[in-house]
Each structure stands twice: as C-alpha cells, then as structure tokens.
Amino acid sequence: MCGIVGAVAERNITPILLEGLKRLEYRGYDSAGVAVFTNAGKLERMRRPGKVSELEQALAGEPLVGRLGIAHTRWATHGAPCERNAHPHFSGDLAVVHNGIIENHEVLREQLKGLGYVFTSDTDTEVIAHLLNHKLKDLGDLTVALKATVKELHGAYGLAVVSASQPDRVVAARSGSPLVIGLGLGENFLASDQLALRQVTDRFMYLEEGDIADIRRESVAIWDVNGQSVEREAVQYRDGAEAADKGEYRHFMLKEIHEQPAVVQRTLEGRLSQNQVLVNAFGPQAAELFARVRNVQIVACGTSYHAGMVARYWLEELAGIPCQVEVASEFRYRKVVVQPDTLFVTISQSGETADTLAALRNAKELGFLASLAICNVSISSLVRESDLTLLTQAGREIGVASTKAFTTQLVGLLLLTLSLGQVRGTLAEGVEATLVEELRRLPTRLGEALAMDSTVEKVAELFADKNHTLFLGRGAQYPVAMEGSLKLKEISYIHAEAYPAGELKHGPLALVDDDMPVVTVAPNNELLEKLKSNLQEVRARGGQLVVFADEKAGMTNGEGTHVINMPHINDTLSPILYTIPLQLLSYYVAVLKGTDVDQPRNLAKSVTVE
Ligand code: HGA
C-alpha cells in the first residue's frame, strides 16, 4: 500500500525520492507528495493526486532542490484521495509522512484543536504532525519529541519526519508498518521497503517493532520500544534484485503468469529428496513439532485465503488432519476455541498483510502449538514472528492481482501436507512418492497450460460486454473457482461469483440466462459426472458455458458450450494447473475492457492497513 522514502545527503535528494516512489508504485496508491528542506533554507512541499509521474511533472515546473527530504505515496484510509489529504503533512516547520492508521485520531484532533492547531486535511495522519509540533515546543529535540508523541498514538504506523529547525536528520518510528534504513557513504536513506532504495545502496538496517531512529548523513541511532539505545544489524541485500521491467510482456501480470513454471521449480528446489519431502524445509524444529500436530488452523486474506482453502482438502484427504480456514479480518476479532495441538498457519505474499499479522500476534496468546508462515518475503514481519517458515520463491510480484504468489503458495501448502503426513505416518502407502514425482513434472505441465494462451484469449471475447459471471467448481476446484472469480473482479471489474457446483440449484441458478456466462473447471475425477449434470442445468436455462476440462474427461464443444482441453494431471495437483487458464481468462478480459491491469482501481498490493 502506501510508500515512504526519506533521504539525508550532500547531493540533491529530490530525484532519489521520486525514483524511490516510482519503485513502490506497484503497491497501489492514489496520490503522491514530497517535502524538501530546500537550499533556500525552507521546508517546501509538492503534492499531487494521481500518479507519481504527475508529481514529477509538477516538480519539473517548480523544482525543489535540497539535501534533506521525505516523500510518500498514499492509499487513502481517512479522507478522500486529493491534494489536500496527500502526505507530507505540515505543522509549523515540520513535515510528516505516515503509513498506517491512527485509531484515536478523533480524540487527538479535538485536543489539538483545543490547543489552537488548525487542521487542513481530513487524514488521521495530520494529528501526528500537530502532536509532534506541540511536544517539540517543550522537549526541543526531534527524536525526544517523537518518542513522546508515539506514546499517545493508538494504531499502526511507519513514520518519517523532517523539520526545518533541525535540518540535518530524518527521524522515523515503526509500529505495525515496516521501515528500513538504507546505508550509504556520507548519506543515509529511509523507506518502507528496501526496493525503493536499491538504486542508492545495497546495505540495509531493518527497524523492529517500536523502534525510533535518528538518521543523519554520517550516523544512525536507534532506540527500541523501551527507549533503550540499540544496534540493529546492517544486512547486505541478498535476494537477487530482479529487474522491475516487463520484458517482452505488455503487463507485469502477464509476465508473472508466464513465470509460473520457473518459480514453481524454484519453490521446489532443495525441498525434495528422491521420493520424499524434506521436512526441514520448514525449519530445524519442524519434524519435532509436526509430530505433535493434531489439527491445523489456516488464516489468510484474499488470494492467500483461497490457497488455504485448497490446502484444507489436501490436509484432510491426504494427511487425515482436521483443518479450519478463516479470513484473518474475522479470525482476529472473534473468540476462538483452540483445539489442543493445533498448528497455526498464516499465508501472505508480502508477509506484511496487516490483518494476517495481527491474527498471528493474537494467536500467540491463544495456546496454539506453534506458528508457521508461508510467505514470499524473507525479511517480512510474518516470517520474523513465526516459529516455522516456508518461503515461496515467486520473486517480486508487481501486478496487484496475485498470480505466481498463489501457485507457489499452493506448492508450499502441498509440501506442508506431505510433511505432516510423513512425520505423523498418516499418508496412504505410495502417496508421497507419487506426488513428489508429480511435483517434479508440474513445471512442465504448467508450461503446457500456458501454451493455451491464445485459445483463452479468444474465449475472453465472450465476457467483454458482460456484467456478471458465475464460476463453478467442486471439491478442491471450488476454491480455484473462487480465485478465478476474484481475479476477474479485481482486474476487469466484472461482477463474478463462485459457487460449489452442487449449490447451483439452491439459489444462484435463478441468475442464469444468456447474459450470464458460467465458467467451470472440470478435472477428470470422481466428481466429473456430477459436475456434468450441473452444467446441463445451466445449459437448459440458456447460460453460455466455458469449461476447462481434462483432455480425458470426454467433454466436447456444442451449442453454447465452449470446452477448452487441459493437459491431464494427477488430481491432487489439478488446482494448481487449473488456476492458470483462469488467470489468463481474467487477464484477457481486462485487456479487452481496457482497464489498468497491473494497478486496478481501489486496490493495493501488500495490504498493510486493517
Ligand atoms: N491513514 C493515512 C495513511 C494511509 C495508509 O497507510 N495507506 O496504506 C491516510 O489515510 O492518509
């Protein structure tokens, strides 16, 4: 979601701030701004609704040149996305940018108004600027005042502050929203993600929860949540910087869809022996903990939640372990009864998803056996705070609509299922060896599914002028249908719903007419005949059917029925394979509709607010 960049240097930092913001654009935002302590000795800002390029254009007309500054891309939570609400927010001679939400902003706003502060925005963030200004009057030093300020804030924040009265430093605070310091020579930087700073450094210091930092040209000082001065380790960036460009593809999303064979391969690397999963892939204590697991609770949001729903079918069917799956925003706020020896599993691409992270933190108080994160970012909060981890190796995912993160999460969850079953001895004879073999072949199968690209592109034409679509699946294909409908909603803005096919006649069938295409995934399993009957129910009401069917399922094209044959695959792995054509379908429908595929309206990557 929103991004922060800050810099203190001896050169003009405005281009560095702008480049940093551009690198964070993929997260989704609605406005952008920058505040610079200019060479004229004044703190000045420029803010624009819309894209960073608009801010850049404005700055080309009225340049801000200076050696100290902060910048922000905002994804509005409090107050409309407009210039007045864009960050940085000013109070007196200081400027603040903020990621997160201040929950007690109303109370603070009233108090500050009582003290004579005038608010010029509708944001929760502005209270931070005024409160800090107020504290600064008494306390004099910016970090001391910031420490006093954050004590009064409830909620989540990553904060960066500069002041014209102390123009040699950027000060920062982290609680619930990540921040990283980029270390340079005679210059230092700050950002909400190290990606924003890869242009200027490859050495980073990650702030921990509750940290306050004082960042100057030649030094960095950090205090922990108890106010103790602490050292944080400087880390060389290792994760292999992947170029943030689209290569031959028109959109990041299409590039990422096509990367799936490679990233699935990478996610499997080092995790399989001849015919078994290496349980230690989950961490050194995994075998010992897995032996005690009698139940699994999965918590996630959005696409990751769908991955969790597929895993429930696998865990119960293959490993015989009861499994519950819940969206994090519900789980974290309800009274949960925890079965003894339950493994708490979170799934998140970024590892910073606010609701999932909060659910993990709550779970620690609830008596779970242990926590395990399936995550794509090695340095994320979720990974740091979990007992066990399986890192997916999807690489950077830039398209807001998740694709390769989802399929690699599924691979991770199947590895988890097999590991639990292996350690607990609950897998049927030969299942693990067969699935390990099938997993090795999976990248090739995914490549075959991707080769259907142009066939799916043609089918997409059926949807471009439609307003509603139904997705159907049975068994583990039901969550695949849910994921397919989510993709279509996200990027083409077509209303799409997913149903287990057997539920059709209990209500949604009433919606079906020739204006409501129905998409179905039909692997060749024991539910196929039942599914075929469900499809007849649709055809009988004039509904256009698009069926992705196993080449051995014996389904053929007919009046109003478009069958796209899929390569045959082991039934357990079919949710991974059948995801591919549904991703391609939503992509091509969105292209036909001309929407902003990589940055769909109202959405953000890495949802770091509740
Ligand atoms: N609450 C602030 C910042 C929003 C944010 O962090 N979005 O991801 C605002 O609405 O300006």
Side-chain angles (χ1 to χ4, degrees), residues 1-6 20-21 23-35 45 47-52 55 70-91 95-109 112 119-132 149-150 152-161 172-180 190-193 195-196 207 209 301-302 328-329 348-358 380-381 400 599-610:
M1 301 194 107
C2 21
I4 288 179
V5 189
L21 291 187
R23 286 166 181 251
L24 297 177
E25 278 195 291
Y26 75 96
R27 289 165 170 259
Y29 66 100
D30 48 52
S31 50
V34 54
R45 75 180 157 185
R47 301 178 293 172
R48 284 290 178 273
K51 300 277 172 189
V52 175
L55 175 68
I70 50 177
H72 190 256
T73 44
R74 172 175 190 247
W75 187 83
T77 66
H78 292 62
C82 57
E83 180 168 337
R84 197 165 60 80
N85 288 335
H87 303 206
H89 289 285
F90 275 12
S91 181
V96 173
V97 292
H98 163 224
N99 285 355
I101 287 175
I102 303 305
E103 287 174 345
N104 57 337
H105 71 100
E106 278 168 348
V107 181
L108 291 172
R109 184 179 271 255
L112 289 159
F119 282 77
T120 58
S121 81
D122 310 314
T123 63
D124 49 341
T125 302
E126 198 180 352
V127 301
I128 308 173
H130 294 316
L131 186 60
L132 180 60
T149 300
V150 297
E152 294 187 26
L153 303 180
H154 301 168
Y157 51 83
L159 288 176
V161 182
R174 171 191 169 146
S175 181
S177 198
L179 282 178
V180 55
L190 175 78
S192 49
D193 183 328
L195 208 70
L207 292 188
E209 283 297 279
C301 304
S329 52
S348 161
Q349 190 282 128
S350 66
E352 303 294 346
T353 315
D355 282 320
T356 309
L357 205 49
S380 60
S381 307
V400 165
Q599 290 177 31
R601 67 185 184 198
N602 306 341
L603 298 182
K605 195 80 187 161
S606 182
V607 186
T608 49
V609 294
E610 181 176 347

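The analysis underlying the following values was restricted to heavy atoms, covering all of them including side chains, and did not include hydrogens, waters or symmetry mates. From a predicted model like this one, the values you see are computed outputs, not experimental measurements. For ligands, and for the atoms within them, numbers begin at 1 and follow the listed sequence.
Here the closest non-hydrogen pair linking H89 and A129 is O-CB, 4.0 Å.
Among V97, T77, I102, T73, the residue whose heavy atom lies nearest to atom 1 (N) of ligand 1 is T77.
Partners of D124 by side chain to side chain donor-acceptor pair (under 3.5 Å), not counting sequence neighbours: none found. Residues forming a side chain to side chain donor-acceptor pair (under 3.5 Å) with E106 (at least two apart in sequence, or on another chain): none.
Taking OG from S381 and CD from E352, the interatomic distance works out to 3.5 Å, rounded to the nearest 0.5 Å.
Ligand-side atoms of ligand 1 in range of H78: 10 (O), range being under 4.0 angstrom from any heavy atom. The ligand atoms of ligand 1 that sit less than 4.0 angstrom from a heavy atom of H98 are 3 (C). Near N99, meaning under 4.0 Å from one of its heavy atoms, ligand 1 places the atoms 6 (O). Counting the atoms of ligand 1 from 1 in the order shown, those under 4.0 Å from a heavy atom of T123 are 11 (O). Remark: ligand 1 atoms within the under-4.0 Å shell around heavy atoms of D124 are 1 (N), 2 (C), 9 (C), 10 (O).
Between W75 and ligand 1, an N or O atom pair is found at a separation short of 3.5 Å.
Using a 4.5 Å heavy-atom cutoff, the side chains of L55 and L21 are in contact.
Heavy-atom distances between G100 and ligand 1 reach below 4.0 Å in at least one pair.
Side-chain atoms of T356 do not come within 3.5 Å of backbone N or O of A328 as any donor-acceptor pair.
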